[in-house]
Amino acid sequence: MDYRSGTPENDKMGKNIARLEELVSEHINIMQEEEENLIRITKKIEKVEQPFKNILELRFIEGLKIEEVSIEIDKEYRYTKKLIKKSILKYAEL
C-alpha cells in the first residue's frame with residue numbers, strides 16, 4: 001500500500017481517521033451528558049425520604065431488577081412493585 005501524500009489510499013485513510021475522531025468526540029460528549037444526568041438524578045434521589053430513597057437507588061442507580069430489589073429489602077415481589085411505583089411518585093413530587 002502506498003501512504004504517500006496525495007495518493008487515493010492516503011486520502012481515504014485521512015477521511016477515515018477524521019470520521020473516527022468525530023465519532024470519538026461524539027461518544028465523549030454523550031458520556032459527559034449521561035454523567036451529568038446521573039449526578040442530577042442522584043442528587044434528587046438524595047432528597048427523597050426513606051424507604052423510598054433506598055428503593056430508587058437499588059432500582060435505578062444500581063440497576064437491580066424488581067426481583068432483586070424485593071430480595072434486598074426482604075419484601076414480596078408484588079409489594080415491591082407497589083413500593084417502586086410509590087417511590088417514583090415521591091421522586092416526581094420534588
Side-chain angles (χ1 to χ4, degrees):
M1 285 192 181
D2 188 359
Y3 295 105
R4 289 175 287 164
S5 179
T7 65
E9 292 87 7
N10 194 30
D11 290 344
K12 184 176 180 181
M13 186 176 12
K15 288 179 184 177
N16 287 341
I17 290 171
R19 179 65 181 138
L20 179 60
E21 288 173 342
E22 182 182 310
L23 290 171
V24 167
S25 178
E26 288 174 14
H27 182 72
I28 289 170
N29 288 338
I30 290 169
M31 289 179 61
Q32 288 172 335
E33 287 175 14
E34 288 189 10
E35 182 180 7
E36 290 168 5
N37 284 336
L38 183 59
I39 290 168
R40 182 179 47 78
I41 290 167
T42 302
K43 285 181 179 181
K44 190 172 175 182
I45 287 175
E46 289 295 323
K47 297 176 184 176
V48 176
E49 64 192 58
Q50 289 291 7
F52 309 110
K53 173 185 166 186
N54 185 43
I55 290 166
L56 290 170
E57 288 172 341
L58 291 170
R59 181 72 174 110
F60 299 106
I61 301 298
E62 294 183 26
L64 298 183
K65 297 177 182 174
I66 296 172
E67 298 87 358
E68 295 169 320
V69 174
S70 61
I71 291 168
E72 195 70 30
I73 65 173
D74 196 28
K75 302 291 181 195
E76 299 222 1
Y77 177 83
R78 293 177 82 191
Y79 184 68
T80 301
K81 281 178 66 173
K82 289 179 184 179
L83 282 175
I84 290 171
K85 287 179 184 179
K86 190 167 185 178
S87 300
I88 292 169
L89 291 173
K90 295 283 185 182
Y91 177 88
E93 289 174 359
L94 297 177

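- None of Ile88, Ile55, Leu38 except one satisfies the side chain to side chain contact (heavy atoms under 4.5 Å, CB included) rule with Phe60; the exception is Ile88.
- Taking the centre and axis of the six-membered ring of Tyr91, the NZ or CZ atom of Lys44 falls inside the cone set by 45° and 6.0 Å.
- Separation of atoms CD (Gln32) and NE2 (His27) is listed at 10.5 Å; rounding is to 0.5 Å.
- Between Ile73 and Asn54, some side-chain heavy-atom pair lies under the 4.5 Å cut-off.
- When only modelled atom types and interatomic distance are considered, Asn16 and Arg19 share no side-chain donor-acceptor pair under 3.5 Å.
- Here CD1 of Ile84 is found 13.5 Å from NZ of Lys75. Values are rounded to the nearest 0.5 Å.
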With side chain to side chain contact (heavy atoms under 4.5 Å, CB included) as the criterion, how do Glu46 and Glu57 come out once you've worked through the C-alpha distance, each side chain's angles and the decisive distance to 0.1 Å? CA-CA 9 Å; Glu46 289 295 323; Glu57 288 172 341; 3.3 Å; yes
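- Between the Ser25 side chain and the Glu21 main chain, no donor and acceptor come within less than 3.5 Å of each other.
- Taking CD of Glu68 as the start and OG of Ser70 as the end, the distance is 9.0 Å to the nearest 0.5 Å.
- At least one side-chain heavy atom of Ile39 sits less than 4.5 Å from a side-chain heavy atom of Glu35.
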Start with the C-alpha gap between Ile61 and Leu56, add the side-chain angles, then the distance that decides, and say whether side chain to side chain contact (heavy atoms under 4.5 Å, CB included) holds. CA-CA 7 Å; Ile61 301 298; Leu56 290 170; over 6 Å; no
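- From Leu83, atom CG reaches atom CD of Glu76 across 12.0 Å, with rounding to the nearest 0.5 Å.
- Annotation: Asp74, atom CG; neighbour count of heavy atoms from other residues, nucleotides and ligands within 6.0 Å does not exceed 12.
- Atom NZ in Lys53 sits 12.5 Å away from atom NZ in Lys47 (nearest 0.5 Å).
- For Tyr79, the OH atom is loosely surrounded, since the number of other residues' heavy atoms within 6.0 Å does not exceed 12.
- Summarising the geometry, atom NZ belonging to Lys90 is positioned 4.5 Å from atom CD belonging to Glu49; distances are rounded to the nearest 0.5 Å.
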